[in-house]
Protein chains: 2
Amino acid sequence: MAKTGDRARTTAASALGSLDFALDRGSPVPLYHQLAQQLEAAIEHGVLAPGNLLGNEVDLAVRLGLSRPTVRQAIQSLVDKGLLVRRRGVGTQVVHSQVRRPLELSSLYDDLETAGQAPTTEVVRNEVVPAAGDVAAALGVPEGGEVTVLDRLRRTHGRPVALLRNYLPAPLLDLDSARLESTGLYRMMRSAGITLHSARQTVGARAATAREASRLDEEEGAALLTMRRTAYDDTGRPVEYGTHIYRASLYTFDFQLLVRP
Amino acid sequence: MAKTGDRARTTAASALGSLDFALDRGSPVPLYHQLAQQLEAAIEHGVLAPGNLLGNEVDLAVRLGLSRPTVRQAIQSLVDKGLLVRRRGVGTQVVHSQVRRPLELSSLYDDLETAGQAPTTEVVRNEVVPAAGDVAAALGVPEGGEVTVLDRLRRTHGRPVALLRNYLPAPLLDLDSARLESTGLYRMMRSAGITLHSARQTVGARAATAREASRLDEEEGAALLTMRRTAYDDTGRPVEYGTHIYRASLYTFDFQLLVRP
DNA sequence: TAGTGGTCTAGACCACAAT
DNA sequence: TTGTGGTCTAGACCACTAA
């Protein structure tokens, strides 16, 4: 009975059908998340090729022994990640292409480490000082209140890449310089129970001063990438304010945007 | 019996209770979206102040005559926008602070327009050329295939701000220079039925060449902000590739990040 | 016309946090 | 212990797309 048109569809569907989705109802991991992870892995490994139809949600739910809302929740999470596209009356397709990780609130340390760049950090300064005007405003502390200022020099392959200056409300966290050099600031904050929620960033450029140039192995006047960021925890409290500069010859910001429907 | 602590809660809850959520079941706008819009407006106008609890979902659903999943969907959309935070066992709160618009796939034209900067555009070049290597790779066309190249100079208050170079697959769109000068490229694409889905961007910096400097009213060697972008439609097909440069003295990228839970 | 995703309902039980 | 959000079910009807 299968005609050619049907066979094309069947191929896409059976690629999905042959996958052994192992759902563990005893696991603390939600079912929709288990399914989403396995779908993502299938896309990642090319089992589900770009353009493939996923097969309709109702059948999928029946086949997996799940309810349709649960299956939808799994699919929706991948749509939000940009891996799938849904079209009413058509179906759910794997997005063609080049979808990578979106822009996340990651630290430079994580960025470089995942890129296999073996970053090292030198803590140049780590002390408590009274907050100046812009710092006080960004962190929501009174002017002159105590803040920790942190200057770090980051290198990859022995070459300096960035000068990082961060301010934190002093009572927030105990900043051990040795741990900072091996771990990165955001990881230390996370393991101290601070859950980052959002951040505002401004990225710009300017010429290097003589002092900056000498620290970064650049010529005076060389183009630098600048980043200013205020990060908030999930109560909306500012927990970090940073002004960073990067060697434009060695570093760029690379990220993906998704259009909200 | 109401102690001070209780009163704070009550106030927050009644602020929500006194809101007249007008849900129109005849409207083509989904109920969850109507609710989300009205909640967002209440937050925007300060009716729901930062830190206020929203009251539990079940009661809210009953009061509005909706099912709990529908109410949850509305709340979830605002959580995704970063306006609300949910805590199990605690409740749903309005996020403190400074939450603004997130980074979107907006055009510079839109950015400047919404900032009230009255941008003007001069189309310097608009022609069909064979695709060079990097352009062909980015747009997924054969090398030497026809692409439209578009050079534009953008000014605000009469001062040059950016040089925009864009490449598009030639058959995709009819690019009328006059309309481009009054409208912006992304709007033209949208009204041509192209729905943007995602983009990859790289932001960096470098020194201005003599030619760039003269076009942008800068000194040779001045720091420029650079942006390279490939945009995709919802089928994953590349629809635009751009290499832009901005005067760092007049322009920065400003955006908000949300941490995925 | 048939098939798809989009929306919505009315329940249920569980995990976690505060009291 | 109580109240909250987190998850899940088993249906229903609708709007849109393509043949």
Side-chain angles (χ1 to χ4, degrees), chain A residues 3-6 8-10 12-13 16 23-37 52-80 84-94 193 195 234-235 261, chain B residues 1 3 5-6 8-10 12-13 16 23-37 52-80 84-94 193 195 234-235 261:
Chain A
K3 303 198 187 72
T4 315
D6 294 346
R9 283 209 172 184
T10 312
L16 186 62
L23 298 174
D24 176 7
R25 296 189 102 92
S27 162
V29 178
L31 293 172
Y32 75 88
H33 196 244
Q34 293 182 38
L35 176 55
Q37 282 179 319
N52 275 185
L53 284 168
L54 220 62
N56 76 65
E57 298 171 350
V58 181
D59 285 356
L60 188 53
V62 171
R63 202 159 70 239
L64 297 175
L66 296 174
S67 69
R68 187 182 167 206
T70 302
V71 172
R72 272 185 69 81
Q73 195 173 357
I75 292 176
Q76 186 59 46
S77 70
L78 298 185
V79 171
D80 291 341
L84 297 175
V85 179
R86 291 207 252 223
R87 300 162 184 274
R88 185 167 3 201
V90 178
T92 302
Q93 286 178 298
V94 179
T195 55
D234 54 9
T235 69
Chain B
M1 283 308 189
K3 305 198 185 71
D6 293 348
R9 282 209 172 188
T10 312
L16 185 63
L23 298 174
D24 176 7
R25 295 190 103 93
S27 162
V29 178
L31 291 172
Y32 74 88
H33 196 242
Q34 293 183 38
L35 176 54
Q37 283 179 319
N52 275 183
L53 284 168
L54 220 63
N56 77 64
E57 299 171 350
V58 181
D59 286 355
L60 188 54
V62 171
R63 200 159 70 240
L64 297 175
L66 297 173
S67 70
R68 187 182 165 205
T70 301
V71 171
R72 272 185 69 82
Q73 195 173 358
I75 292 176
Q76 186 59 47
S77 70
L78 298 185
V79 171
D80 291 340
L84 297 176
V85 179
R86 293 207 250 224
R87 301 163 183 273
R88 196 189 323 225
V90 178
T92 302
Q93 287 178 300
V94 179
T195 55
D234 53 11
T235 69

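Reminder, nothing fancy here: chain letters follow the sequence lines and each chain counts from 1. Everything numeric here is computed off the predicted structure, so don't read it as measured data.
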Problem set entry | Of A:Gln73 and A:Gly89, the one whose closest DNA chain D nucleotide lies more 5' | A:Gln73

Problem set entry | 5'-most by nearest nucleotide on DNA chain D - A:Arg68 or A:Arg25 | A:Arg25

[N] phosphate, OP1 or OP2: any side-chain N/O from [X] under 4.0 angstrom?
X       : N     : answer
A:Tyr32 : D:dC8 : no
A:Arg72 : C:dG5 : no
A:Thr70 : D:dT7 : no
B:Asn56 : D:dT4 : yes

[X] [atom1] to [N] [atom2], straight-line distance once rounded to whole Å:
X       : N      : atom1 : atom2 : result
A:Leu66 : D:dG11 : CG    : P     : 15 Å
B:Leu23 : C:dT7  : CG    : C1'   : 14 Å
A:Leu31 : C:dA15 : CG    : P     : 13 Å
A:Gln93 : D:dT17 : CD    : P     : 14 Å
A:Ile75 : D:dC8  : CD1   : C1'   : 16 Å
B:Arg86 : C:dA15 : CZ    : P     : 19 Å
B:Asp24 : C:dC8  : CG    : P     : 12 Å
A:Asp59 : C:dA2  : CG    : P     : 17 Å

Exercise. Are B:Arg25 and B:Leu66 close enough that some pair of their side-chain heavy atoms sits under 4.5 Å apart?
Worked result: yes

For this session: For B:Pro28, answer base if it contacts any base atom (sugar-phosphate contacts may also be present), sugar-phosphate if it contacts only those atoms, and nothing otherwise; contact means non-hydrogen atoms under 4.0 Å.
Result: nothing

Exercise. B:Arg87 near the nucleic acid: base, sugar-phosphate alone, or nothing, with a heavy-atom cut-off under 4.0 Å?
Worked result: sugar-phosphate

Side chain of [X], heavy atoms from C-beta onward: which of [options] has the nearest atom to it?
X       : options               : result
A:Thr92 : D:dA10, C:dG5, C:dT7  : C:dG5
A:Val90 : C:dG11, D:dA18, C:dT4 : D:dA18
A:Ser67 : D:dG6, C:dG6, D:dT9   : D:dT9
B:Arg88 : C:dA15, C:dG5, D:dC8  : C:dA15

On a heavy-atom basis, which atom in [X] and which in [Y] lie closest, and how many Å separate them?
X       : Y        : value
B:Ile75 : B:Leu84  : CG2-CD1, 4.0 Å
A:Ser77 : A:Ala36  : OG-CB, 3.4 Å
A:Val85 : B:Asp234 : CG2-O, 3.3 Å

Exercise. Backbone N or O of A:Asp24 within a donor-acceptor pair of the A:Gln34 side chain at under 3.5 Å?
Worked result: yes

